[in-house]
Protein chains: 4
Amino acid sequence: MKKNKPKYMQIIDAAVIAIAENGYHQAQVSKIAKQAGVADGTIYLYFKNKEDILISVFEEKMGNFIEKLNELIAGNGTAVEKLLRVIESHFRLLSEDHHLAIVTQLELRQSNKELRLKINDILKGYLQVIDKILIEGIGTGEFPSSLDVRLARQMIFGTIDETVTTWVMNEEKYDLVTLALPVQRLLINGCGNVE
Amino acid sequence: MKKNKPKYMQIIDAAVIAIAENGYHQAQVSKIAKQAGVADGTIYLYFKNKEDILISVFEEKMGNFIEKLNELIAGNGTAVEKLLRVIESHFRLLSEDHHLAIVTQLELRQSNKELRLKINDILKGYLQVIDKILIEGIGTGEFPSSLDVRLARQMIFGTIDETVTTWVMNEEKYDLVTLALPVQRLLINGCGNVE
Amino acid sequence: MKKNKPKYMQIIDAAVIAIAENGYHQAQVSKIAKQAGVADGTIYLYFKNKEDILISVFEEKMGNFIEKLNELIAGNGTAVEKLLRVIESHFRLLSEDHHLAIVTQLELRQSNKELRLKINDILKGYLQVIDKILIEGIGTGEFPSSLDVRLARQMIFGTIDETVTTWVMNEEKYDLVTLALPVQRLLINGCGNVE
Amino acid sequence: MKKNKPKYMQIIDAAVIAIAENGYHQAQVSKIAKQAGVADGTIYLYFKNKEDILISVFEEKMGNFIEKLNELIAGNGTAVEKLLRVIESHFRLLSEDHHLAIVTQLELRQSNKELRLKINDILKGYLQVIDKILIEGIGTGEFPSSLDVRLARQMIFGTIDETVTTWVMNEEKYDLVTLALPVQRLLINGCGNVE
DNA sequence: GATGAATGAGTCTTCATTCAT
DNA sequence: TATGAATGAAGACTCATTCAT
């Protein structure tokens, strides 16, 4: 299993840095290799081609994150609390890794349709986490039984994504993690007055 | 003013078709020229470079749309009603133009950071429309005065965008315009039960 | 028709020189372009890819030669005389074009199987010329009716080819055209004593 | 002497198979090593470089064959008979080793000029065998004293080679050994009628 | 002797843009 | 205005060879 070799993760991490610092289209294989401290050809001992590096970046970084999320929402707590945890974790992950934030929110979106389809496959795991919370919340009566889960999921994911992207585009000038609570409240209560 | 010449819009429309049918990276200048029925060199009489075509595509198509939105929210009605009109208009615009939907939701996002910054400039007009509605709604008491306008705007825009993107990715299999009302209700009330 | 453009033949001729002087594998597209006095990209306005240049070299040079041979054997004369003309023409063509001789006898044989299959297709025209002579000779009684045309053709072509290759490998130190007559006699009478 | 070690021939035989099955340019050192059941690096304990393997293939296979030919023509018999034996042996050798036939007639010809010069050195031994027969034949009066030995040798070798190549290119669909006699007769008597 | 992970040089092709007509 | 032939820069990937174990 190649993934256990240290060079595998070494190249993955180098790719994140190279893409964040140079942009997606300027992150040539030779730059990634240099950043990783290996020869160009070594890349191809661990990855099939350049696209394979990029998919693996997403798989390793987001795949692990989604696993963590599943643990996070497995325990006790209301659906509303769990939603907060997910948003907070998401915001924290990207707050703590400047390079990763740039790569996932800006650079990797420049990839071609084929690559983005594979990225979407990975993201499905995230969407399922949101779905679980929603269904659980409907079960506990926290959310109305009339809630359209698909639409609600799109709202939650779209809001989180847009919030992070805006933050990255504003050069991360403000604290993102602090926004988790107000974002969650907004998602739970919407914009309307509760009278 | 070049923009008044007939070939200007001819090339813009050709670009939308060429990008939608071939994908962003396969929509070479020569393909756009062929689609527009002009010579490659003619493109450069109307546009500074390829990027300028793409920005102009967005400017013309979304710019006009934003103007229309401003008219739409200038008249009478509550903020809540106006939000519905915006969502409905947005969904209708893209439902009616298959090519434009693919281009704005999928293809143009593959452009480089620089181009996307310029696209974001244009989108600011859209975000201002949302802000106006939110501020108006706070004024009329429809929305709580504690509402964080920036976050609310990110939720509204993020949700609309995610909903449209999901619809395009699902090959537009279901009716998008019908979703305007439930999406608006979700944005107003959130996921939570109103007790 | 691209072939009427002057640059088409300009590139073909440049390819012959570049291959002859640098060897097949060292004749990079950029070298051929430089030799032809055009930009690298211009090559691709006239040829699909590098292989297409090489096939076209053979087509243009040998294709024309085979046409000439067909005229040569169409007129009057015995089959034996016509065979001499063919050998002489072949020897003269390559004697007069040093570069072409190297390319056809040595360099083009290094190409991959696919390319050589296409070269063989072109050569079939040559083999048909030999067949025509043989069949005519059998008709006139110059050759025995028991002659196996396929084997005889292989002898004739193999002998001519081997003679030219040996001459090129010996750096063309002796006169090739002079050998046409003794080679023809050998092919007609074989090694054996006629008693 | 490396050549006496069992792995030496093991690698030679693996090279013949690897080249025959994959083609000259697709027969990477690693494929040859795998076929031979040794590690890549082991190859370099027995051969200086890749070219050295290929030369050795020819040396071992054709070198041995030429020795056998020399024995074959040392004994009694006329020159004409000996020529038949040579052709028959040659045809039989390649008929019996499908892989070897492909390698010598098609694949090894794709090698670069340098390698082919070395191959030609080995082939000189073969050409000397033919020369011996021709000179002997002139001595016995079987061949005319006016025979140009160099040209006759080129005819004999060229004919044999072309016959074998055609047979390989036709996927060895017919029996090659049977052709030895008619080929010999053709070489002795030529195409002409003997009256 | 044997291994196999690591190296790094080398090239074809695309396509945005120009400019002579 | 309009044309379209010509330009030329730029990058992913392969594979023979080495050398520490």
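By convention in this document, chain letters (A, B, ...) are assigned in the order of the sequence lines, proteins followed by strands, and residues within each chain are numbered from 1. Just so it is clear, the values below take in all heavy atoms, side chains as well, and ignore hydrogens, waters and symmetry mates. Remember, it's a predicted structure, so these values are computed and weren't measured experimentally.
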Distances under 3.5 Å between protein N/O atoms and the N/O atoms of nucleotides 6-9 of chain E, please, pair by pair.
from, atom 1, to, atom 2, distance (Å)
E:dA6, OP1, A:K7, NZ, 3.1
E:dA6, OP2, A:Y46, OH, 2.5
E:dT7, OP2, A:A39, N, 3.1
E:dT7, OP2, A:T42, OG1, 2.2
E:dG8, N7, A:G41, N, 3.2

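As rounded to whole Å, 13 Å separates atom P of F:dG8 from atom CD1 of C:I43. Rounded to an integer number of Å, the gap from OH of D:Y8 to P of E:dG1 is 14 Å. Distance, A:Q26 CD to F:dA9 C1': 12 Å, rounded to whole Å. Residue A:H25 contributes atom NE2, which lies 14 Å from atom C1' of E:dT14 at whole-angstrom precision. Going from atom CG of A:N49 over to atom P of F:dG11 covers 17 Å, rounded to whole Å. Atom P of nucleotide F:dG11 and atom CD1 of A:I53 are separated by 15 Å, given to the nearest angstrom. Atom pair B:Y44:OH and F:dT1:P shows a separation of 18 Å (rounding to whole Å applied). The nearest whole Å value for the distance from the CD1 atom in B:I32 to the C1' atom in F:dG4 is 17 Å.
Residues forming a side-chain contact (heavy atoms from CB on, under 4.5 Å) with C:I102 (at least two apart in sequence, or on another chain): C:A20, C:H98, C:E107, C:V168, C:E172. Remark: D:T165 pairs with D:Q105 by the side-chain hydrogen bond (donor to acceptor under 3.5 Å, both in side chains) rule, at least two apart or across chains. Take C:K61 and apply the side-chain hydrogen bond (donor to acceptor under 3.5 Å, both in side chains) test, not counting sequence neighbours, and it matches C:D13. Contacts of C:R116 classified as side-chain hydrogen bond (donor to acceptor under 3.5 Å, both in side chains), with partners at least two apart in sequence or in another chain: none. Scored by the side-chain contact (heavy atoms from CB on, under 4.5 Å) test, C:D121 finds C:K124 as partners (sequence neighbours excluded). Here A:H25 pairs with B:H25 under the ring pair (Phe, Tyr, Trp, His ring centres under 6.0 Å) rule; sequence neighbours left out. Every side-chain contact (heavy atoms from CB on, under 4.5 Å) that A:A36 has, sequence neighbours left out, goes to A:I11, A:A14, A:V38. Residues passing the side-chain contact (heavy atoms from CB on, under 4.5 Å) test with A:L115 are A:Y24, A:E51, A:L54, A:I55, A:S111, A:N112, A:I119, sequence neighbours excluded. Judged as a side-chain hydrogen bond (donor to acceptor under 3.5 Å, both in side chains), and not counting sequence neighbours, the contacts of A:K31 are A:Q28.
With respect to B:R109 and B:D161, a salt bridge is recorded, a charged nitrogen being found less than 4.0 Å from a carboxylate O.
Note on A:K31: every side-chain N or O is 4.0 Å or more away from OP1 and OP2 of F:dG11.
In this structure, of F:dA16, F:dC13, E:dT18, it is F:dA16 that holds the atom nearest to the side chain of D:V29. For D:Q28, counting side-chain heavy atoms from C-beta on, the closest listed nucleotide (F:dC13, F:dA16, F:dA12) is F:dA16.
Base-pairing analysis of DNA chain F finds the following stems of at least three consecutive Watson-Crick or G-U pairs, with both pairing distances under 3.5 Å: E:2-21 with F:2-21.
In this structure, CD1 in D:I53 is found 4.5 Å from CD1 in D:I32, a value given to the nearest 0.5 Å.
Of the residues in residues 12-22 of chain A, not one comes within less than 4.0 Å of DNA chain F through any heavy atom.
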